[in-house]
Protein chains: 2
Amino acid sequence: MSLTHTQSRFNSTLTSQCQNCSLSALCLPIALADEDINKLDQIIERKKPLKKGEFLFRQGEAFDSVYAVRSGTLKTFNITSVGEEQITGFYCPSELVGLSGIDSSVYPVSAKALETTTVCEIPFSHLEELSSHIPSLKHQIFKVMSRKISDDQQMMVLLGKKNADEKVASFLLNLSNRFKKRGYSASSFRLSMSRGEIGNYLGLAVETVSRVITRFQKNELIHVDGKEIEIIDFPEMQKLVGVASDCGKIAHI
Amino acid sequence: MSLTHTQSRFNSTLTSQCQNCSLSALCLPIALADEDINKLDQIIERKKPLKKGEFLFRQGEAFDSVYAVRSGTLKTFNITSVGEEQITGFYCPSELVGLSGIDSSVYPVSAKALETTTVCEIPFSHLEELSSHIPSLKHQIFKVMSRKISDDQQMMVLLGKKNADEKVASFLLNLSNRFKKRGYSASSFRLSMSRGEIGNYLGLAVETVSRVITRFQKNELIHVDGKEIEIIDFPEMQKLVGVASDCGKIAHI
DNA sequence: GCCATTTGCTGACCCAGATCAAGGATTTCC
DNA sequence: GGAAATCCTTGATCTGGGTCAGCAAATGGC
């Protein structure tokens, strides 16, 4: 992935990068005509990689772009009044970060790299302007935002109603689905976030996350080696999740 | 409010209802030219009132419209695998319901009236088509959706990190703000949802909601009479909320 | 008006998960 | 390569809020 990026960045053919990008089908999965893809491509800026811990943008900064993750992982978070961070999301390749900034024209969250991460910057004013001329692009933006709204509502259900086991199982299956969608293994992947960050995101203490993961391993639902996760017993994990998987099914009928 | 509605529905001047609607500044608070407002107005259908308990739409139904609440209150909810409902939001006048249906083209939640409620139906395909010709309308839709995303993320923080007191205080102040914005009293209002629905929404047992509200009253933070709420000590309530109010401030700098 | 149902309040008890503590494993960075 | 910092795990203990139960007060149907 980062190789692809490096190539695109340093050779001189600046047209149709989106077309060649392995993520194009996911980033904005639409049937755009070639010429439209070129137009979209021209407004996108490929930025140099962020190192682990670097900020993509900070809470309170002026909003001007959304970003598509090309490789690596980001987290978004708020800083609370007592100075602790509250993680609101993790972003994998092909996912869009920054959509929540459109309303107030500042980013309401900060975004930080969990590992070396490359992104495409999409200046929102250009995207909006371009969407006026490409109805399918506009529709796609509506869809992406709508999807984010219903995903976040699933997350609200998780936080409000689920116990620790259900939360961790949901989290792992959610990641699994996202990896699967972008062509990676659904059963075996690497957690780029720490146990502490998982707990923060799920509303659990680090210790609880650790205990649940250990127990899942004991019960042979998953196999764990540090940050490497392998999901062994999908049916059992899905049974644990219950609620969310059903809602997911209904949502895709 | 319902008087205004009745008038608009039964007299014959069908133009520029949006213009006259007392909610127009909130529903889509934009500087639309008069002719644009007329265009918008023409695609909007004012539906007959929903009685308490009636559905506006059901989870799994084909998505075709978003709805602006004119009077009354709605709740949206999922039905979980074990048949219990999980409330994902309450909608007051001027707020838009149904945006989460755009992505999957079915509504991922159900919407039900908590009291007699009137709505304007806005067929989404028309709205989208119209937005192609009115850039400020398109921008406005992006803003409304973006706002929803950041609001939901605040809700995630609430559910994940806050204790019962903070949850209830946040809930009451959130309602207060929404009433204030639409010109009603920020300190004195009526809860159209039951204690059970509040608990469901906040991830608390009914009993806890009841106990917290009683305690707030004892400590003279609020005054309660059944469903009537008066917020007496705003500073103290805001201190309880902590996190969210700060984020709110940052978001509006 | 009267009974049935729903909604709200409060007390007693209990448990899932937080907190505290402490040791081992990784990663980071001179 | 080694010290420091961070991260992960496990055990012991504590507690906020869930659950159960009982009663009072609204609300609604006939």
Side-chain angles (χ1 to χ4, degrees), chain A residues 51-54 73 75 82 84-87 112-116 158-172 190-219 222-229 240, chain B residues 51-54 73 75 82 84-87 112-116 158-172 190-219 222-229 240:
Chain A
K51 276 177 290 195
K52 179 174 177 175
E54 285 182 341
T73 323
K75 66 174 172 185
V82 288
E84 63 188 10
E85 81 181 42
Q86 165 62 46
I87 297 173
K112 200 179 202 176
L114 294 180
E115 57 193 321
T116 303
L158 178 148
L159 289 168
K161 284 277 178 301
K162 294 186 181 180
N163 64 25
D165 284 13
E166 293 165 344
K167 285 181 180 180
V168 174
S170 302
F171 177 72
L172 293 176
R190 187 168 186 287
L191 298 174
S192 44
M193 63 295 290
S194 71
R195 303 288 194 270
E197 286 166 330
I198 297 173
N200 182 305
Y201 180 58
L202 297 178
L204 295 172
V206 200
E207 295 92 330
T208 305
V209 175
S210 183
R211 277 186 255 267
V212 171
I213 289 182
T214 304
R215 185 151 32 79
F216 279 1
Q217 166 143 261
K218 244 174 225 152
N219 299 342
I222 61 177
H223 180 261
V224 190
D225 177 19
K227 299 205 172 254
E228 296 295 332
I229 294 278
L240 265 178
Chain B
K51 275 177 290 194
K52 179 176 176 171
E54 286 181 341
T73 322
K75 67 173 173 186
V82 288
E84 62 187 13
E85 80 180 43
Q86 165 62 45
I87 297 173
K112 199 177 203 177
L114 294 179
E115 56 193 321
T116 303
L158 179 147
L159 289 168
K161 283 277 178 299
K162 295 186 181 181
N163 64 25
D165 284 14
E166 293 165 345
K167 285 181 179 179
V168 174
S170 302
F171 177 71
L172 293 176
R190 186 168 186 287
L191 299 174
S192 43
M193 64 295 290
S194 71
R195 303 289 194 268
E197 286 166 329
I198 297 174
N200 182 304
Y201 180 58
L202 297 178
L204 295 172
V206 200
E207 294 92 329
T208 306
V209 175
S210 187
R211 277 186 257 266
V212 171
I213 289 182
T214 304
R215 185 152 31 80
F216 280 1
Q217 166 143 261
K218 246 176 222 151
N219 299 342
I222 61 177
H223 181 261
V224 191
D225 178 18
K227 300 206 171 252
E228 296 294 333
I229 294 278
L240 266 177

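Numbered from 1 within each chain, the chains take letters A, B, ... in sequence-line order.
Between the CG atom of L191(B) and the P atom of dG8(C) there is a distance of 9 Å, given to the nearest Å. In this structure, the CG atom of L202(A) is 19 Å from the P atom of dA16(C), given to the nearest Å. The interatomic distance linking R195(A) (CZ) with dG24(C) (P) rounds to 19 Å, in whole Å. Nucleotide dC7(D) holds its C1' atom 15 Å from the CE atom of M193(A), rounded to whole Å. Rounded to whole Å, atom C1' of dT10(C) lies 15 Å from atom CD of Q217(B). Here dG8(C) presents its P atom at 8 Å from CD1 of I198(B), a figure rounded to the nearest Å. As rounded to whole Å, 11 Å separates atom P of dC9(C) from atom NZ of K218(B).
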Produce the list of close N/O pairs, under 3.5 Å, pairing protein atoms with atoms of nucleotides 25-30 of chain C; give distances to one decimal.
none

Close N/O contacts between protein and nucleotides 16-18 of chain D (under 3.5 Å):
| residue | atom | partner | partner atom | Å |
| --- | --- | --- | --- | --- |
| dG17(D) | OP1 | A164(B) | N | 2.8 |
| dG18(D) | OP1 | G203(B) | O | 3.3 |
| dG18(D) | OP2 | A205(B) | N | 3.0 |
| dG18(D) | OP2 | T208(B) | OG1 | 2.4 |

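Between R215(B) and D165(B), the closest side-chain pair of non-hydrogen atoms falls below 4.5 Å. Under the 4.5 Å side-chain criterion, counting only non-hydrogen atoms from C-beta, K75(A) is in contact with E197(A). Between V168(A) and L240(A) the shortest side-chain heavy-atom distance does not fall below 4.5 Å. The closest side-chain heavy-atom distance from V224(A) to F216(A) is not below 4.5 Å.
Between the side chains of S170(B) and K162(B), at least one donor N or O sits under 3.5 Å from an acceptor N or O. Counted by atom type alone, K52(A) and T116(A) present zero donor-acceptor pairs between their side chains at under 3.5 Å.
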What side-chain donor-acceptor pairs closer than 3.5 Å can you find for residues 200-210 of chain B, not counting sequence neighbours?
| residue | atom | partner | partner atom | Å |
| --- | --- | --- | --- | --- |
| N200(B) | OD1 | I87(B) | N | 2.8 |
| N200(B) | ND2 | E85(B) | O | 2.6 |

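More than 12 heavy atoms of other residues, nucleotides or ligands sit less than 6.0 Å from atom NZ of K227(A).
Within 4.0 Å of S194(A), counting heavy atoms only, lie sugar-phosphate atoms of the nucleic acid but no base atom. Residue-level contact check: G196(A) touches the backbone only, with heavy atoms under 4.0 Å from sugar-phosphate atoms and none from bases. Among the atoms of the strands shown, only primed sugar atoms or phosphate atoms (P, OP1, OP2) are found under 4.0 Å from some heavy atom of T214(B).
At a cut-off of 3.5 angstrom, counting only N and O atoms as typed in the model, there is no donor on one side facing an acceptor on the other between the side-chain of E197(A) and the base of dC7(D). A donor N or O paired with an acceptor N or O is found under 3.5 Å between the base of dC20(D) and the side-chain atoms of E207(B).
Atom CD of residue E228(B) and atom CD1 of residue I222(B) lie 12.5 Å apart, to the nearest 0.5 angstrom.
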